[in-house]
> 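Just dropping this structure here.
Atoms considered below: every heavy atom in the structure, side chains included; atoms not considered: hydrogens, waters and symmetry mates. Computed from a predicted model, the values in this text were never measured in an experiment.
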Amino acid sequence: MTKTAITPTRAENYPEWYQQVISAADLAENSAVRGCMVIKPWGYAIWELIQADLDKRFKKTGHVNAYFPLLIPLSHLEKEAEHVEGFAKECAVVTHHRLVPDGKGGLKPDGELEEPFVIRPTSETIIGESFSKWVKSYRDLPLLINQWANVMRWEMRTRMFLRTSEFLWQEGHTVHATDTEAVAETIQMLGVYADFVQDVLAMPVIKGEKPCFERFPGAVNTYCIEAMMQDCKALQAGTSHFLGQNFAKASNIQFQNKSGEMETAWTTSWGVSTRMIGGLIMTHSDDNGLVLPPRIAPYQIVIQPIYRNDEQRDTVINYCNSLKQDLESQLFAGNEIRVHIDDRDIQGGAKSWEWIKKGVPLRLEVGMRDVENNAVMLSRRDDVGNKNSIAKSDLINGAVKILTKMQTSLFAKAESFRNERMTAISSIDEFNKFFAGDKNVDRGFAVAYAVDEVGIEEFIKPLKVTARCIPLANNDVAGACIFTGKPASHKMVFAKAY
RNA sequence: CGGGGCGUAGCGCAGUCUGGUUAGCGCACUUGUUUUGGGAACAAGGGGUCGUGAGUUCGAAUCCCACCGCCCCGACCA
């Protein structure tokens with residue numbers, strides 16, 4: 001294939017390629033509102049699949065859904081000092097509650113509020129208000145709540161899915177009687193995220209703890225899952241926070257223990273957002289557009305009927321309908337295979353490319369010849385340009401196997417891509433060389449001994465590198481911090497990041 | 001908020017420097033015919049407050065002034 005469906009290619013201009021993939025797959029578009037995007041049906045369908053799968057996992061771990069207000073009284077946000085400091089710079093503020101004619105044919109805000117509201121950048125404080133009323137006794141604990149919501153953070157520079165002013169997410173908020181229980185919850189949910197992202201989105205992630213200077217404002221510990229994109233930059237795909245008693249104190253979440261004494265509770269919060277879709281795009285897609293792992297594809301199989309007249313149409317469509325039914329009766333990853341027949345009256349080539357760019361795993365072309373032979377023409381998204389005739393029965397019996405294989409091979413490919421770009425660094429010189437120099441060379445993740453101290457920031461900031469995390473796995477090692485020379489009890493991962 | 005760029009059909013642009021018929025091109029769209037197994041061809045159509053406002057002029061997309069919006073680069077971030 002000489003011509004690619006997406007221009008520029010990844011190698012030519014990665015950020016522009018990313019935009020073009022989104023546009024070509026019809027996932028989303030910019031809106032009239034600065035920094036906010038419109039998520040179009042194909043993009044939203046991916047989000048719905050993410051929601052459905054995660055929601056099941058949350059329920060399985062004992063959580064229930066609820067909904068809290070969009071508007072947070074300013075005084076609530078002020079209660080936790082670090083929290084305010086962290087979010088103050090990016091809050092949208094509601095100051096009026098009505099509009100009146102401005103005398104020039106337009107409208108102007110009127111009715112100034114006594115106390116302004118902040119549009120939630122996250123909901124710890126407003127949920128804390130409710131939790132303080134809900135929690136009275138040790139019998140009310142643990143309290144395990146999740147909310148699916150939109151939030152707003154006034155960002156300076158936005159990028160579709162990766163960073164928009166308004167975004168969709170889920171935020172879990174839990175209350176526990178002891179710190180150990182709350183820490184266990186924090187780690188458990190990090191595991192839920194990691195399993196989901198790896199199994200469903202086929203994105204390999206590193207589970208880790210954020211260094212102290214990267215913590216969520218107000219948290220005691222912040223944990224994360226970090227993924228590597230195809231341009232070798234890191235993307236945080238989810239976070240889980242142990243909030244200690246900071247928010248419980250601020251919101252007065254107390255309970256009476258078994259001996260009748262009042263105790264302050266321990267809380268956690270954890271979230272993933274539509275940003276994951278950005279990560280999904282940048283992990284698997286190629287120069288022909290979006291590539292979707294089968295488990296997250298809104299349609300896993302698209303059937304394209306081919307015919308020349310009404311008589312042929314009847315025959316072909318009947319064949320397609322029964323094929324669709326047979327495929328849908330197969331279970332892939334616990335769900336019916338999602339099959340779509342595209343009978344739109346548009347040119348075959350254009351139609352094929354549309355589904356390629358949308359990332360559909362399998363495409364089937366069905367014409368008279370196939371009907372006669374009891375076969376179909378099969379094309380795979382991971383092998384654009386080739387198609388093979390396959391017996392109808394073989395396809396029906398083999399579809400689950402093919403989808404499973406595509407799912408695991410996408411993960412394997414992304415995993416080896418990442419592993420090849422993780423480099424052990426043993427001195428500050430090496431560190432500087434790794435990240436400095438030619439901007440166009442992708443450098444990946446640097447792994448080095450480093451102490452978890454604010455002081456090391458001054459070594460990494462000038463290079464526009466961030467400390468991504470202290471990996472949780474296989475990290476009970478000791479060595480000298482490459483920046484300070486102090487003894488470090490763990491290694492840290494560094495990278496340029498989104 | 002600093003530095004640069006751009007606003008002309010749904011999208012991408014030309015035209016602006018040097019003012020002058022009815023504002024044009026490609027893609028997309030509509031209709032028709034022929035096509036159709038890997039991005040079809042021909043023909044005929046529809047679609048414009050030239051970002052907004054004020055000015056110069058016989059005449060403004062074009063020149064002047066003000067304003068608005070967007071994009072890129074820097075300081076902040078899931």
> Figure out the CG/P separation between A/Asn388 and B/G38, and round it to whole Å.
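Result: 14 Å.
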
> Strictly by Watson-Crick or wobble contacts shorter than 3.5 Å, is anything paired with B/A43, and which nucleotide is it?
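Here B/A43 is engaged in a pair, and the nucleotide opposite it is B/U31.
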
> Sequence neighbours excluded, which residues qualify as ring pair (Phe, Tyr, Trp, His ring centres under 6.0 Å) partners of A/Phe242?
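A/Phe242: no ring pair (Phe, Tyr, Trp, His ring centres under 6.0 Å) contacts found.
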
> Work out how far the C1' atom of B/G74 is from that of B/C27, and round it to whole angstrom.
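It comes out at 36 Å once rounded to the nearest Å.
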
> Check side-chain hydrogen bond (donor to acceptor under 3.5 Å, both in side chains) between A/Arg344 and all other residues, then give those that pass, not counting sequence neighbours.
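Expected list: A/Asp342, A/Glu354.
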
> Under 4.5 Å between any side-chain heavy atoms of A/Tyr223 and A/Thr239, yes or no?
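No, too far: nothing below the 4.5 Å cut-off.
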
> Say we look at B/A60 and B/U49: how far apart would their C1' atoms be, to the nearest angstrom?
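My reading of the C1' atoms in B/A60 and B/U49 gives 15 Å.
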
> Which residues pass the ring pair (Phe, Tyr, Trp, His ring centres under 6.0 Å) test with A/His241, not counting sequence neighbours?
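By the ring pair (Phe, Tyr, Trp, His ring centres under 6.0 Å) rule, A/His241 matches A/Phe216.
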
> Which word best sums up how the rings of A/Trp169 and A/Phe167 line up, parallel for under 30°, tilted for 30 to 60°, or perpendicular for over 60°?
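Perpendicular, since the angle between the ring planes exceeds 60°.
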
> Under 3.5 Å, which protein N or O atoms sit close to an N or O of nucleotides 31-37 of chain B? Give each pair with its distance.
| unit_1 | atom_1 | unit_2 | atom_2 | d |
| --- | --- | --- | --- | --- |
| B/U36 | OP2 | A/Arg308 | NH1 | 3.2 |
| B/G37 | N7 | A/Arg369 | NH2 | 3.2 |
| B/G37 | O6 | A/Gly367 | N | 3.4 |
| B/G37 | O6 | A/Met368 | N | 3.2 |
| B/G37 | O6 | A/Arg369 | N | 3.2 |
| B/G37 | O6 | A/Asp370 | OD2 | 3.4 |
| B/G37 | N1 | A/Gly367 | N | 3.4 |
| B/G37 | N1 | A/Asp370 | OD2 | 2.4 |
| B/G37 | N2 | A/Glu365 | O | 3.3 |
| B/G37 | N2 | A/Asp370 | OD2 | 3.1 |

> Quantified in whole Å, what is the C1' atom distance between nucleotide B/U36 and nucleotide B/U22?
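Their C1' atoms lie roughly 40 Å apart.
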
> According to the Watson-Crick and G-U wobble definitions, with both distances under 3.5 Å, which nucleotide is paired to B/C58?
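When the pairing criteria are applied, B/G20 turns out to be the nucleotide that pairs with B/C58.
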
> In this structure, how many angstroms lie between the C1' atom of B/G39 and the CZ atom of A/Arg363, rounded?
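Computing the A/Arg363:CZ to B/G39:C1' distance gives 12 Å.
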
> Contact between A/Ile39 and A/Trp47 at the side-chain level, heavy atoms closer than 4.5 Å - yes or no?
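Result no, sub-4.5 Å side-chain heavy-atom pair not found.
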
> Measuring only the C1' atom in each nucleotide, how far is B/A54 from B/C64? A whole number of Å is fine.
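Comparing C1' positions in B/A54 and B/C64 gives a spacing of 11 Å.
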
> Would you kindly give the NE2-to-P distance between A/His83 and B/A78, to the nearest whole Å?
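Answer to the nearest Å: 12 Å.
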
> Residues in salt bridge (charged side-chain N to carboxylate O under 4.0 Å, His left out) with A/Asp110, at least two apart?
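Here the qualifying residues are A/Arg98.
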
> Checking A/Arg363 now: which residues fulfil salt bridge (charged side-chain N to carboxylate O under 4.0 Å, His left out) with it, not counting sequence neighbours?
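Partners of A/Arg363 by the salt bridge (charged side-chain N to carboxylate O under 4.0 Å, His left out) criterion, ordered by chain and then number, come out as A/Glu365.
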
> In whole Å, what is the span from the NZ atom of A/Lys89 to the C1' atom of B/A78?
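So the NZ-C1' distance, A/Lys89 to B/A78, works out to 15 Å.
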
> Report the C-alpha distance between A/Met160 and A/Leu27 in whole Å, list the side-chain angles of each, state the deciding distance to 0.1 Å, and finish with yes or no for side chain to side chain contact (heavy atoms under 4.5 Å, CB included).
CA-CA 10 Å; A/Met160 279 210 242; A/Leu27 293 170; over 6 Å; no

> Send over the distance from A/Trp355 CH2 to B/G38 C1', rounded to a whole Å.
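Interatomic distance, CH2 of A/Trp355 to C1' of B/G38: 17 Å.
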
> Which whole number of Å gives the distance between the C1' atom of B/U18 and that of B/G3?
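Comparing C1' positions in B/U18 and B/G3 gives a spacing of 31 Å.
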
> Considering every strand shown, what is the Watson-Crick or G-U wobble mate of B/G38 when both distances are under 3.5 Å?
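Its partner is none (no Watson-Crick or G-U wobble pair with both distances under 3.5 Å).
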
> Identify the pairs formed between an N or O of the protein and an N or O of nucleotides 68-73 of chain B at a distance under 3.5 Å, and give each distance.
| unit_1 | atom_1 | unit_2 | atom_2 | d |
| --- | --- | --- | --- | --- |
| B/C73 | OP1 | A/Arg157 | NH2 | 3.0 |
| B/C73 | OP2 | A/Arg157 | NE | 3.4 |
| B/C73 | OP2 | A/Arg157 | NH1 | 3.1 |
| B/C73 | OP2 | A/Arg157 | NH2 | 2.0 |

> May I ask you to say what A/Leu235 touches in the nucleic acid, namely base, sugar-phosphate or nothing, with a heavy-atom cut-off under 4.0 Å?
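If one applies the 4.0 Å heavy-atom cut-off, A/Leu235 turns out to touch nothing in the nucleic acid.
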
> Quick one: look up who B/G2 pairs with, Watson-Crick or G-U, both distances under 3.5 Å, and put none if it's unpaired.
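Result: B/C73.
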
> Distance check, rounded to the nearest 0.5 Å: A/Ser273 atom OG versus A/Gln236 atom CD?
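Interatomic distance, A/Ser273 OG to A/Gln236 CD, rounded to 0.5 Å: 9.0 Å.
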
> What ring pair (Phe, Tyr, Trp, His ring centres under 6.0 Å) pairs are there with at least one residue in residues 294-313 of chain A, not counting sequence neighbours?
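Matches after skipping sequence neighbours: A/Trp42-A/Tyr299, A/Tyr299-A/His340, A/Tyr299-A/Trp355.
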
> Between A/His76 and A/Glu124, is there a side-chain donor-acceptor contact under 3.5 Å, judged purely by atom types and distance?
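No donor-acceptor contact under 3.5 Å links the two side chains.
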
> Output the rounded distance in Å from CZ (A/Arg159) to P (B/C76).
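Between P of B/C76 and CZ of A/Arg159: 16 Å.
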
> Are any side-chain N or O atoms of A/Asn373 and backbone N or O atoms of A/Ala375, one a donor and one an acceptor, separated by less than 3.5 Å?
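Side chain of A/Asn373 to backbone of A/Ala375, a donor-acceptor pair under 3.5 Å: no, none is there.
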
> Please check this pair: side chain of A/Arg120 against backbone of A/Phe68, looking for a donor-acceptor N/O pair closer than 3.5 Å.
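Yes, because the side chain of A/Arg120 sits within donor-acceptor range (under 3.5 Å) of the backbone of A/Phe68.
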
> Can you list, by residue number, the residues of residues 197-220 of chain A that have a non-hydrogen atom closer than 4.0 angstrom to RNA chain B?
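None, since no heavy atom is under 4.0 Å.
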
> When you compare B/G5 with B/A78, how far apart are their C1' atoms, in angstrom units rounded to a whole number?
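Those two atoms are separated by 30 Å.
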
> Contact list please: residues 188-196 of chain A against RNA chain B, heavy atoms, distance less than 4.0 Å, in numerical order.
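Nucleic-acid contacts, sorted: none.
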
> Under 3.5 Å, is there an N or O donor on one side and an acceptor on the other linking the side chain of A/Ser379 and the base of B/G38?
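Flag set: donor-acceptor pair detected.
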
> Does the structure show a Watson-Crick or G-U wobble partner for B/G26, both distances under 3.5 Å? Name it, or say none.
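Matched B/G26 with B/C11 under the 3.5 Å cut-off.
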
> Would you mind pulling out the nucleotide paired to B/C50, Watson-Crick or G-U wobble, both distances under 3.5 Å?
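Pairing partner, where one exists within any strand: none, as none qualifies.
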
> For the P atoms, the ones on B/A41 and on B/G46, what distance do you get once it is rounded to whole angstrom?
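B/A41 and B/G46 have their P atoms separated by 23 Å.
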
> Counting the atoms with a prime plus P, OP1 and OP2 as sugar-phosphate, which does A/Thr239 contact under 4.0 Å by heavy atoms, base, sugar-phosphate, or nothing?
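Contact class for A/Thr239: none.
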
> Taking salt bridge (charged side-chain N to carboxylate O under 4.0 Å, His left out) as the test, write out the residues that go with A/Asp286, two or more places apart.
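Expected list: A/Arg381.
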
> In chain order, what residues pass the ring pair (Phe, Tyr, Trp, His ring centres under 6.0 Å) check against A/Phe483, with sequence neighbours excluded?
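In terms of ring pair (Phe, Tyr, Trp, His ring centres under 6.0 Å), with neighbours along the sequence ignored, A/Phe483 is linked to A/Phe431, A/Phe459, A/Phe494.
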
> Side chain of A/Arg275 only, please: which of B/G39, B/A78, B/G38 is the nearest?
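Among the listed nucleotides, the one closest to the side chain of A/Arg275 is B/A78.
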
> For A/Glu124 and B/A78, give me the distance from atom CD to atom C1', rounded to whole Å.
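In whole Å, B/A78 C1' and A/Glu124 CD are 12 Å from each other.
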
> Rounding to an integer number of angstrom, what distance separates B/U8 and B/C70 when you compare their C1' atoms?
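Those two atoms are separated by 15 Å.
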
> Please report the distance, rounded to the nearest Å, between NZ in A/Lys357 and P in B/G38.
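Those two atoms, NZ and P, are 17 Å apart.
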
